[in-house]
Amino acid sequence: MTNLQTLRGMIDILPSQTERWQRIEALARDHFTRSGLREIRTPLLEVTELFSRGIGETTDVVGKEMYSFIDRGNRSCTLRPEGTASVVRSLIQNGLLNQGPQRLWYGGPMFRYERPQAGRQRQFHQIGAEFFGLSSVRSDAELISIAWDFLKDIGIDGLELEINTLGTFEDRKIYRKKLTDWFEKYIDLLDDSLRNQLRNNPLRILDSKNPKIKELIRDAPIIDSSISINSKERFVKLQDILNSLKIPFTLNNCLVRGLDYYCHTAFEITSNQLGAQATVCGGGRYDGLVEQLGGPPTPSVGWAIGMERLFILLGEKIANSSYPDVYLVNRGEKAEMEALCLARALREANFKVELDNSGSTFAKQFKRANRSCAKWAIVIGEEELNKGEFKIKDLSKSSMNLNEISMKLDEFENLTRVLKA
RNA sequence: GCGGGCGUCGCCAAGUGGUUAAGGCAGCGGCUUGUGGCGCCGCUAUUCGGGGGUUCGAAUCCCCUCGCUCGCCCCA
């Protein structure tokens with residue numbers, strides 16, 4: 001195949017799909033605005049170090065999934081694999097963390113060099129929300145509710161919210177040790193990659209889908225056994241609030257965020273309709289991140305939603321539905337000019353107008369008018385022009401020639417009144 | 001990076017060694033040089049992702065390669 005085509009894992013969003021995107025994006029913007037979030041936009045390209053430091057050297061994302069290159073100034077640059085690191089960088093760089101709590105949302109394309117599969121592309125889109133400078137457990141609950149309500153509002157059903165706690169950094173350290181010691185006893189059962197994980201990120205083993213490991217994990221120590229009274233109380237409080245908000249959830253003590261700066265709340269919203277990649281929204285609290293990137297200690301909590309997965313769940317619920325108000329049938333040199341002027345005037349008056357520029361026969365043009373699903377056809381030809389008129393036709397009426405009305409070219413007010421009816 | 005499935009027109013496809021590569025949708029033209037949704041007629045793949053091989057003969061068999069897809073790892 002010598003034809004030029006998209007890079008693997010990168011797809012075109014064609015006109016038949018863009019309207020769905022616009023609708024969801026508009027709904028998201030509206031939902032976030034009502035939720036008191038303000039949008040932040042950061043560059044797609046950042047210095048590589050931002051992600052290696054912000055996401056973690058030992059993660060797969062940084063270790064093998066980044067789109068990185070050296071630019072002409074000999075800097076290592078990376079297309080963002082996620083949104084949070086850039087947002088944090090921006091808050092620090094622009095001094096926004098000195099201006100009180102920040103409630104933000106962002107959206108746009110992210111890039112990860114992975115093998116594409118259902119619900120996963122190399123260029124994919126996320127929308128995310130984050131709170132900075134808010135440490136109460138109510139913030140965690142509010143943020144979860146914003147995600148939950150958004151997904152509900154746009155009409156997605158069958159979602160499940162799973163939550164877990166990772167405790168404080170101290171708690172995690174203790175748990176990590178416990179877990180490592182425990183897995184060491186079964187080191188023979190672990191393959192190379194799991195042993196690697198055991199060294200770098202033992203908590204992530206809990207997430208394994210390997211059936212044998214899953215069985216093993218059933219008997220592994222759970223985090224509950226390691227966390228402090230305060231952490232436990234915080235987690236119970238979160239559950240209480242979610243109950244009060246009538247947001248159903250399940251506890252999943254294998255749900256972990258592998259990175260060191262995560263603490264307390266971790267959650268995912270999943271669906272069984274997504275194939276292997278079941279998570280449509282994932283997030284948690286990461287009080288250590290801002291500091292790790294050179295800012296002041298700042299409590300932070302956030303989540304991201306995968307847009308492509310959202311669309312899989314939506315199916316045909318948000319269909320393209322924008323048909324023209326008017327299809328302008330026209331023929332003959334002078335009539336064509338008149339039609340162009342009329343199209344412009346109607347568009348100015350907020351009508352969606354499709355102008356037939358084909359110059360083909362009236363029969364053809366009407367065929368296309370019908371296909372376009374326009375409500376009205378306006379007809380301008382030599383005959384009409386000679387009388388200083390045009391015709392309006394209701395395309396939804398089945399009779400062919402009987403449903404025309406003639407109108408003078410200068411009766412624009414009258415025309416718009418008819419079209420609106 | 002590693003497995004499984006697949007690759008025939010813009011889309012959906014039939015064809016599984018004999019040569020004129022069905023059919024449907026969409027598109028274009030006509031029946032209808034000025035009137036739509038139905039109908040009828042015609043046109044639209046020298047070619048079966050690409051390359052090489054086997055054969056008198058290949059879309060059909062073999063090898064390589066590219067791409068898509070599903071899964072593993074991991075994530076949204």
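Basis for what follows: all heavy atoms, side chains included, without hydrogens, waters or symmetry-related copies. From a predicted model like this one, the values you see are computed outputs, not experimental measurements. Residue numbers start from 1 in every chain, and the chains themselves are labelled A, B, ... in the order their sequence lines are given, proteins ahead of strands.
- The CG atom of A:Asn370 sits 16 Å away from the P atom of B:U35 (whole-angstrom rounding).
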Strictly under 3.5 Å: I want the nitrogen or oxygen pairs between protein and nucleotides 27-29 of chain B, one per line.
| unit_1 | atom_1 | unit_2 | atom_2 | d |
| --- | --- | --- | --- | --- |
| B:G27 | OP1 | A:Arg371 | NH1 | 2.8 |
| B:G27 | OP2 | A:Arg371 | NH1 | 3.0 |
| B:G27 | OP2 | A:Arg371 | NH2 | 3.4 |
| B:C28 | OP1 | A:Arg368 | NH1 | 3.3 |

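- Rounded to the nearest Å, the gap between the P atom of B:A14 and that of B:G51 is 24 Å.
- Nearer to the 5' terminus of RNA chain B, by closest-nucleotide assignment, is the contact made by A:Arg8 (compared with the other of A:Phe124 and A:Arg8).
- The distance between atom CG of A:Leu385 and atom C1' of B:G34, rounded to the nearest whole Å, is 14 Å.
- Under the side chain to side chain contact (heavy atoms under 4.5 Å, CB included) criterion, A:Arg8 pairs with A:Arg115, A:Pro116, A:Arg122, not counting sequence neighbours.
- Note on A:Glu308: nothing from the nucleic acid sits closer than 4.0 angstrom, heavy atoms only.
- One C1' atom belongs to B:C48, the other to B:U20, and the distance between them is 15 Å to the nearest Å.
- Nucleotide B:A21 has no partner under the Watson-Crick or G-U criteria, as no pair reaches both atom distances under 3.5 Å.
- Residues satisfying the salt bridge (charged side-chain N to carboxylate O under 4.0 Å, His left out) test with A:Lys334, not counting sequence neighbours, are none.
- Shown here, B:C9 forms no base pair; nothing in the strands shown gives a Watson-Crick or G-U wobble contact with both key distances under 3.5 Å.
- Residues that satisfy the salt bridge (charged side-chain N to carboxylate O under 4.0 Å, His left out) test with A:Lys352, not counting sequence neighbours, are absent from this structure.
- Proximity of A:Gln117 to the phosphate of B:C72: a side-chain N or O atom is located under 4.0 Å from OP1 or OP2.
- With rounding to whole Å, A:Lys367 atom NZ is found 9 Å from B:U32 atom C1'.
- Residue pairs meeting the salt bridge (charged side-chain N to carboxylate O under 4.0 Å, His left out) criterion with at least one partner in residues 40-62 of chain A, sequence neighbours excluded, are A:Glu39-A:Arg41, A:Glu46-A:Arg89, A:Glu49-A:Arg53, A:Asp60-A:Lys64.
- In this structure, A:Arg115 does not reach the B:C72 phosphate: none of its side-chain N or O atoms is under 4.0 Å from OP1 or OP2.
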Return all side-chain donor-acceptor pairs below 3.5 angstrom for residues 406-413 of chain A, not counting sequence neighbours, or 'none' if the list is empty.
| unit_1 | atom_1 | unit_2 | atom_2 | d |
| --- | --- | --- | --- | --- |
| A:Lys408 | NZ | A:Lys387 | O | 3.2 |
| A:Glu411 | OE1 | A:Asn414 | ND2 | 3.1 |
| A:Glu411 | OE2 | A:Lys408 | N | 2.8 |

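- Near RNA chain B, meaning a heavy atom under 4.0 Å away, the residues from residues 264-280 of chain A are A:Gly275, A:Ala276, A:Gln277, A:Thr279, A:Val280.
- Contact between A:Tyr175 and A:Leu206 at its shortest, heavy atoms only, is OH-CD1, 3.4 Å.
- By the 4.5 Å heavy-atom criterion applied to side chains, A:Ile146 and A:Phe131 are counted as neighbours.
- B:U44 is unpaired under the criterion used here, namely a Watson-Crick or G-U wobble arrangement in which both key atom distances are under 3.5 Å.
- Toward the 5' end of RNA chain B, the nearer of the two residues A:Lys391 and A:Gly119, judged by each one's closest nucleotide, is A:Lys391.
- Within the nucleic acid shown, A:Ala369 has no heavy atom closer than 4.0 Å to any nucleic acid atom.
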Just the table, please: protein N/O against nucleotides 6-11 of chain B N/O, every pair under 3.5 Å.
none

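- With sequence neighbours left out, A:Thr298 forms a side chain to side chain contact (heavy atoms under 4.5 Å, CB included) with A:Leu97, A:Phe132, A:Val290, A:Pro296, A:Ser300.
- For residues 271-287 of chain A, every residue pair satisfying the salt bridge (charged side-chain N to carboxylate O under 4.0 Å, His left out) rule, not counting sequence neighbours, is listed here: A:Asp140-A:Arg285, A:Arg285-A:Asp287.
- Evaluation of the side chain to side chain contact (heavy atoms under 4.5 Å, CB included) rule for A:Ile222 yields A:Asp224, A:Asn253 as partners, not counting sequence neighbours.
- Residue A:Arg331 places at least one side-chain N or O under 4.0 Å from the OP1 or OP2 atom of B:G34.
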Verdict with supporting geometry, A:Glu142 and A:Arg103, salt bridge (Lys or Arg N to Asp or Glu O under 4.0 Å): CA-CA 11 Å; A:Glu142 182 187 357; A:Arg103 302 161 56 99; 2.6 Å; yes
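- A:Glu383 comes within contact range of at least one nucleobase, with a heavy-atom separation under 4.0 Å.
- A:Gly381 comes within contact range of at least one nucleobase, with a heavy-atom separation under 4.0 Å.
- Listed by chain and residue number, A:Thr168, A:Ile227, A:Ser228, A:Ser231 satisfy the side chain to side chain contact (heavy atoms under 4.5 Å, CB included) test with A:Asp171 (two or more places apart in sequence, or in another chain).
- In this structure, B:G71 forms a base pair with B:C2, meeting either the Watson-Crick or the G-U wobble geometry with both donor-acceptor distances under 3.5 Å.
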